[in-house]
Amino acid sequence: MTSVSVLIVDDQILLRQGLRKLLEIEEGIEVVGDAADGIEALEFLATATPPNVALVDARMPRMDGIELIARMRAEHPEVPAVILTTFDDDELVFGGLRAGARGYLLKDVPPDELVLAIRQAARGETVLGGPAADRLVATLNEPAPPVTAPETLSDREWEVARLVGEGATNREIARALFITEGTAKNHVTSILRKLDLRDRTALALWVGRDRG
């Protein structure tokens with residue numbers, strides 16, 4: 001059996017240690033390093049032999065998982081990243097996949113499924129846990145939202161809506177428009193209310209139709 005090397009990236013030291021012990025008892029799995037955030041992970045990748053898979057938490061201080069994965073796609077494209085997180089929401093699922101994640105799993109995944117996912121990611125396969133897969137299927141099956149807005153958006157709201165349509169997170173919107181992340185979130189909430197849309201995924205689809 002070919003050995004799969006793994007880098008664990010999570011800000012919780014107990015979880016990193018627990019994952020290491022869990023994986024090290026598996027035949028053919030080798031944990032080659034761990035990092036507390038995206039910055040430490042990039043430092044490790046710059047000096048070590050690239051691992052076969054990186055398990056990445058979504059929310060971490062200094063540099064979160066989404067930003068780390070985008071950097072890895074640009075600087076270390078040979079290392080597939082799988083998001084392993086406690087959070088299950090559209091922004092993280094779709095933001096992570098757009099950033100280049102090979103998979104998305106919740107931390108309550110059974111150990112055998114986690115090991116299988118690591119092996120699949122190392123082979124270049126996409127891995128999605130049940131909730132993430134369900135969200136993708138639900139999005140694909142949603143009826144197309146109406147193109148005509150029931151209420152006119154402001155110029156700034158149209159800017160925010162277009163960025164959501166491009167897959168930008170609230171943090172990326174804030175950086176692009178020189179506003180706070182909280183303001184960006186408030187704009188998204190207002191836009192969803194005005195357009196009577198369920199979430200930002202539906203908004204992204206609406207923007208795509210409007211462009212077409």
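Quick caveat, the model's predicted, so the values are computed rather than measured. Residues: numbered from 1 along the sequence shown.
In this structure, Pro80 and Ala121 approach most closely via the heavy-atom pair CG-O, 3.6 Å. Across all non-hydrogen atoms, the minimal contact from Ile83 to Gly96 is CD1-CA, 3.6 Å. Heavy-atom minimum distance, Ala46 versus His76: N-CE1, 4.2 Å. Looking at every heavy atom in both residues, Ala204 comes nearest to Arg98 through CB-NH2, 4.4 Å. Counting all heavy atoms, side chain and backbone alike, Met60 lies closest to Ala36 at SD-O, 3.9 Å. Contact between Pro61 and Asp37 at its shortest, heavy atoms only, is O-CB, 3.3 Å.
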(request) For Ile179 and His187, run side-chain contact (heavy atoms from CB on, under 4.5 Å): C-alpha distance rounded to whole Å, both residues' side-chain angles, the deciding distance at 0.1 Å, then the answer. (result) CA-CA 11 Å; Ile179 57 179; His187 280 312; 4.1 Å; yes
(message) Set out, in order, the CA-CA distance, both residues' side-chain angles and the distance that settles side-chain contact (heavy atoms from CB on, under 4.5 Å) for Asn170 and Arg200, then state yes or no.
(response) CA-CA 10 Å; Asn170 288 340; Arg200 64 192 302 125; 3.0 Å; yes
(message) With side-chain contact (heavy atoms from CB on, under 4.5 Å) as the criterion, how do Leu153 and Lys194 come out once you've worked through the C-alpha distance, each side chain's angles and the decisive distance to 0.1 Å?
(response) CA-CA 8 Å; Leu153 301 181; Lys194 287 184 177 182; 3.7 Å; yes
(request) May I have the step-by-step check of side-chain contact (heavy atoms from CB on, under 4.5 Å) for Val160 and Glu157, ending in yes or no? (result) CA-CA 5 Å; Val160 172; Glu157 286 172 338; 5.5 Å; no
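Although no hydrogens or angles enter the test, the distance criterion places no donor-acceptor pair under 3.5 Å between the side chain of Ser190 and the main chain of Asn186. One N or O on the side chain of Arg73 and one on the backbone of Ala99 form a donor-acceptor pair closer than 3.5 Å. With hydrogens and angles disregarded, a donor-acceptor distance shorter than 3.5 Å links the side chain of Arg102 to the backbone of Gly124. In this structure, Glu172 contributes its side chain and Thr169 its backbone to a donor-acceptor pair below 3.5 Å. A distance-only check finds no donor-acceptor pair linking the side chain of Glu166 to the backbone of Leu163 [under 3.5 Å]. With hydrogens and angles disregarded, no donor-acceptor distance shorter than 3.5 Å links the side chain of Thr85 to the backbone of Leu106.
Salt-bridge formation is not detected for the pair Asp64/Arg59: no Lys NZ or Arg NE/NH1/NH2 atom is positioned less than 4.0 Å from an Asp or Glu carboxylate oxygen. Ion pair Asp10/Lys107 flagged as a salt bridge, since at least one NZ, NE, NH1 or NH2 atom sits closer than 4.0 Å to an Asp/Glu carboxylate oxygen. Ion pair Glu67/Arg175 flagged as a salt bridge, since at least one NZ, NE, NH1 or NH2 atom sits closer than 4.0 Å to an Asp/Glu carboxylate oxygen. In summary, Arg156 and Glu159 engage in a salt bridge, as defined by a charged side-chain N under 4.0 Å from a carboxylate O.
Here CG of Leu128 is found 7.0 Å from OG1 of Thr126. Values are rounded to the nearest 0.5 Å. How far CD of Glu75 is from CG of Leu45: 9.0 Å, rounded to the nearest 0.5 Å. Within the model, atoms CD of Glu78 and CG of Asn52 stand 10.0 Å from one another, a figure rounded to the nearest 0.5 Å. For the atom pair NZ (Lys21) and CD (Glu26), the distance works out to 15.5 Å, reported to the nearest 0.5 Å. Of the inter-residue distances, the one linking Leu205 atom CG with Arg198 atom CZ reads 9.5 Å to the nearest 0.5 angstrom. Here Glu24 contributes atom CD and Glu30 contributes atom CD; the two are 8.5 Å apart, rounded to the nearest 0.5 Å.
Side-chain contact between Val79 and Pro51 is present, with heavy atoms from C-beta onward closer than 4.5 Å. Leu68 is listed as a side-chain neighbour of Val9, based on a closest heavy-atom distance under 4.5 Å. Inter-residue side-chain proximity for Leu192 and Leu203 is flagged as met; some heavy-atom pair is nearer than 4.5 Å. Side-chain contact between Leu15 and Asp57: absent, with no pair of heavy atoms (C-beta onward) separated by less than 4.5 Å. Residues Ile118 and Ile29 meet the side-chain proximity criterion, which asks for heavy atoms closer than 4.5 Å. Between Leu195 and Trp206, some side-chain heavy-atom pair lies under the 4.5 Å cut-off. A heavy-atom distance below 4.5 Å is found between the side chains of Val31 and Ile8. Side-chain contact between Leu84 and Val56: absent, with no pair of heavy atoms (C-beta onward) separated by less than 4.5 Å.
When the side chains of ILVMFWY residues are joined at heavy-atom separations under 4.5 Å, either directly or via intervening members, Leu116 and Leu105 end up in two distinct hydrophobic clusters.
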